[in-house]
Amino acid sequence: MFDQEKSVPWYKNRMLLLVLPAALAVIGLVWGFTVWRRSRANEAQYDRVEQHRQQQAAQAAATTGAAPASASPVAQPSASASPGAETAA
């Protein structure tokens, strides 16, 4: 008399199984594009910074008359970098 209709569990819902993967794919593509675009912008900024460093090194060399300083991004070792390094070598 009071037969209840059995509901389908959420993980077997056909509409959800079609919409969810499509939505995740779109979100993934948007995220991937954003990351890719930002990485390209970062590279351009680093190029501008490197050009500015080279300009500063050239200006410093021209004003002091000394040999041009290297605009290398590699850090130079310092005496205070690692106190135990002297005994290890």
At what distance, to the nearest 0.5 angstrom, does [atom1] of [X] lie from [atom2] of [Y]?
X	Y	atom1	atom2	answer
Arg48	His52	CZ	NE2	12.0 Å
Gln55	Arg53	CD	CZ	12.5 Å
Tyr46	Gln51	OH	CD	15.5 Å
Trp10	Leu20	CH2	CG	8.5 Å

When hydrophobic residues are tied together by side-chain contacts of less than 4.5 Å, even through go-betweens, does Met15 share a cluster with Leu17?
->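 No; Leu17 is not reachable from Met15 via cluster members.
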
Can you name the side-chain contact (heavy atoms from CB on, under 4.5 Å) partners of Phe33, sequence neighbours left out?
->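 side-chain contact (heavy atoms from CB on, under 4.5 Å) check on Phe33 returns Trp36, Arg37.
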
Nearest non-hydrogen partners of Ala60 and Thr64, listed with the distance |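 Closest approach of Ala60 to Thr64: O-OG1, 2.7 Å.
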
Which heavy atom of Val8 sits nearest a heavy atom of Asn13, and at what distance?
->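 Smallest interatomic distance, heavy atoms only, reads CG1-N, 4.2 Å.
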
